[in-house]
Each structure stands twice: as C-alpha cells, then as structure tokens.
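Dropping the structure in here first, questions after.
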2 protein chains.
Amino acid sequence: MTKESMISQLRKRGLKVTPQRLAIIDVLMEQGNSHPGASLIYKKAKKKRKSLSLSTTYATLNEFSRHGIIKTLQFDKMEDRYDRNLEEHINLICERCKKILDYNVPFIVDPKRVVKKTGFSITDARLEYYGLCRECREEERSIKG
Amino acid sequence: MTKESMISQLRKRGLKVTPQRLAIIDVLMEQGNSHPGASLIYKKAKKKRKSLSLSTTYATLNEFSRHGIIKTLQFDKMEDRYDRNLEEHINLICERCKKILDYNVPFIVDPKRVVKKTGFSITDARLEYYGLCRECREEERSIKG
DNA sequence: ATTTCTGCAAATCATTTGCATATCT
DNA sequence: AGATATGCAAATGATTTGCAGAAAT
C-alpha cells in the first residue's frame with residue numbers, strides 16, 4: 001500500500017486524516033517491511049509530530065488494523081508488530097535480532113525451500129489455523145437460524 | 001507423557017519432586033489435550049495443594065517447558081497455554097470458545113483436509129518459522145570461530 | 001455543529017523478580 | 001548440609017480505558 005492509497009482508505013471509511021495519523025503512515029512507509037512495533041512507530045512518529053502520544057499511536061494502529069489497512073502480527077514474548085504487506089506470506093522471525101522477514105509465497109511450502117531461497121535457517125515452526133470448531137459452528141448455526 | 005514419565009524426567013534432570021509440582025502434573029494429566037493456561041492450572045492445582053501460589057505455578061510451568069517436559073504455546077491476546085502433546089501437530093484455535101484442538105499431522109498439510117477430517121472451519125491461518133536470518137547466522141559463525 | 005481524535009493519567013492483565021523462608025535430596 | 005523451590009509483595013511491559021478538551025469534516 002502506498003501512502004496515497006492509505007489516505008484514500010481513511011477518507012473512504014469516514015476516518016479522519018489527522019497530522020498524527022499522517023506521521024504514523026509516514027513511519028509505516030519508511031520502515032518498509034521491517035514490521036515495526038508500536039514503541040518504535042511511536043518514537044519515530046513523535047519526531048515528526050511532537051505532541052503525539054503513545055495511546056494515540058495504539059489507537060491509530062488498532063483502527064488501521066481493524067479496517068484492514070495494515071495487519072497486526074502477534075508473536076511470542078514480543079510486542080505486537082505491524083505489517084503493511086497484506087499478501088499471504090510466511091513470516092520468518094529471527095530469534096536473535098527479532099527481525100521479521102517476509103517470504104511472499106502461500107502458506108503450504110517446504111521448509112527446505114525457504115532456507116535455500118532466503119538463507120534463513122529454520123529451527124522451529126508454528127502453524128496455527130484460526131476458525132470455528134465443530135461445536136461452535138453448530139451453535140452459531142442454531143442461534144442465527 | 002504419563003505422570004510417571006514426567007516424574008522420572010524431573011528426577012533425571014535433578015529437579016525436585018515437590019507436592020506443588022505433583023499437583024500441577026495431576027492437573028496437566030486431567031486436562032488432557034485442552035491446553036490449559038496458567039490461571040486455570042493454578043485454580044485447579046490449588047484445590048489439591050492449598051498453599052500453592054500463582055508465582056510457583058508460573059515457575060513450575062516455565063521449568064517444565066525449559067526442560068521439554070511440556071510445551072508453551074503463545075497466541076494472540078490470550079494467556080499462554082501449556083501443551084502435553086510434544087509431537088509435531090497443528091493447533092486449531094477456536095476463535096469463539098478459545099478451545100485449542102490438536103490435529104496430529106506434520107505441518108505441511110492442505111487446509112481443506114483439516115476441515116474434512118476435523119470439522120474445524122478455518123478462517124485464518126498463521127505460519128511462522130523461527131530461526132536465524134542470514135546476517136545473524138554469519139555473525140554467530142564469526143563470533144564462535 | 002457534529003463526530004471523531006487526541007493526550008493524559010490511571011487501570012488492567014499476564015508474567016516476572018527479589019528475597020527471605022521452607023523443603024527436597 | 002546444600003541445593004533448589006516456594007510464597008509473598010512489588011515490579012514490569014504491553015496495551016487499554018475513561019474522559020475532557022481539541023481538531024477534522
């Protein structure tokens with residue numbers, strides 16, 4: 001997403017375009033695919049808008065995420081990270097420097113290929129599917145009719 | 001893992017077999033594959049050992065996890081969950097009731113098959129590989145020789 | 001004029017830490 | 001005895017909340 005498309009997303013959805021939000025968008029753009037966390041985004045964006053508060057930063061990132069403008073990534077023992085890359089991709093998380101690399105392929109992929117293509121050596125993997133279990137699906141069905 | 005094998009793991013590793021730990025192990029066994037969190041484990045284990053504290057519960061679960069006796073699972077906006085199932089498997093997380101089901105197949109699997117076999121309907125997936133990025137690998141190499 | 005945002009301080013939740021005491025081996 | 005574990009209270013870190021004033025449409 002470009003800065004302009006982010007801004008037009010805000011307009012389209014009746015969200016206000018404030019200097020704080022613009023500062024955060026700029027940081028998001030500058031950070032590329034480094035998947036910054038709220039604290040870094042706050043620190044960088046505050047340089048552009050001195051009045052910016054941390055809670056506004058959170059509110060903004062939540063709002064963007066809720067509207068699908070960015071994606072919130074949650075990991076083990078780390079603050080949440082925010083991702084501009086909305087395509088289906090694998091996150092390669094470095095356990096040492098906490099860098100998160102994108103590998104833009106759909107989910108079903110051979111780990112050996114990842115190493116070969118990216119130089120990232122895998123020591124652990126986690127696959128999680130989110131959704132509804134059979135029981136909850138049946139309950140939802142009977143509630144909604 | 002059975003209760004007995006857990007206890008012998010403790011002995012093997014020089015960890016002490018205390019009543020608190022036994023209470024926690026019992027809860028772990030009773031909970032089967034429900035992947036309880038620390039708060040539930042604490043609540044249940046405290047019934048068996050009235051003196052048990054929450055911090056001991058955490059210390060114990062951390063110790064068990066560090067020694068590979070259980071596995072710590074971390075998810076979005078939920079407390080950590082603990083898993084007795086040490087085999088490679090997929091976690092199916094119900095977004096509604098927070099139940100976590102195991103599907104005992106290796107990671108590379110077709111989501112459609114999951115639905116067919118388990119009745120769990122997938123709305124979102126996350127795949128994460130942990131390890132070392134190329135740069136960190138090179139750094140480690142040059143440090144260690 | 002309204003609706004939505006912002007910034008502050010305080011609250012929350014899960015988890016960890018420091019430390020003196022108690023308990024295992 | 002010596003090592004490790006326990007329980008308490010306080011600290012931590014990330015994130016959220018309540019709310020009054022400020023800014024965007």
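Heavy-atom basis, side chains included; hydrogens, waters and symmetry copies ignored. Letters A, B, ... are given to chains in the order of the sequence lines, protein chains preceding strands, and every chain is numbered from 1.
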Looking at the side chain of A/A38, which of D/dC8, D/dT15, C/dT15 is the nearest nucleotide? D/dT15
side-chain contact (heavy atoms from CB on, under 4.5 Å) for A/L22 and A/R49? Distances and angles first, verdict last. CA-CA 9 Å; A/L22 288 174; A/R49 254 276 132 178; over 6 Å; no
Does A/T56 contact C/dC5 through a side-chain donor or acceptor facing the base, at a distance under 3.5 Å? no
Is the shortest side-chain heavy-atom distance between B/F64 and B/Q9 below 4.5 Å? no
Nearest-neighbour nucleotide for the B/T60 side chain, D/dA14, D/dT6, C/dA14 considered: D/dT6
Closest contact, heavy atoms only, B/E63 versus B/L15: OE2-CD2, 3.5 Å
What does A/L54 touch in the nucleic acid at a heavy-atom separation under 4.0 angstrom: a base, only the sugar-phosphate, or nothing? base
State which of D/dA5, D/dT25, D/dT16 makes the closest approach to the side chain of A/N62. D/dT16
DNA chain D: B/G14 or B/L52, which has the more 5' nearest nucleotide? B/G14
Rounding to an integer number of Å, can you tell me how far A/R66 CZ sits from C/dC5 C1'? 13 Å
B/H35 backbone acceptor or donor facing B/R81 side chain under 3.5 Å: yes
Minimum-distance nucleotide (side-chain atoms of B/S53 versus C/dC5, D/dG7, C/dT3): D/dG7
Flag yes if A/L92 and B/L132 sit in one hydrophobic cluster, no otherwise; membership is Ile, Leu, Val, Met, Phe, Trp, Tyr, and two members link when side-chain heavy atoms are under 4.5 Å apart. no
Which part of the nucleic acid, if any, lies within reach of A/T18 when heavy atoms closer than 4.0 Å are counted: base, sugar-phosphate only, or nothing? sugar-phosphate
Heavy atoms from C-beta onward define the side chain here; which of C/dT25, C/dC24, D/dA14 lies closest to that of B/P19? C/dC24
Regarding D/dC8, can its base be found pairing with the side chain of B/S55 as donor and acceptor, where the two atoms are less than 3.5 Å apart? yes
Classify the nucleic acid contact of B/S39 as base, sugar-phosphate or nothing, counting any heavy atom under 4.0 Å across all strands shown. nothing
As a test of reading the structure: which of C/dT15, C/dT6, D/dT6 is closest to the side chain of B/R21, going by heavy atoms? D/dT6
Which nucleotide sits closest to the side chain of B/D80: C/dT15, C/dT25, C/dC5? C/dT15
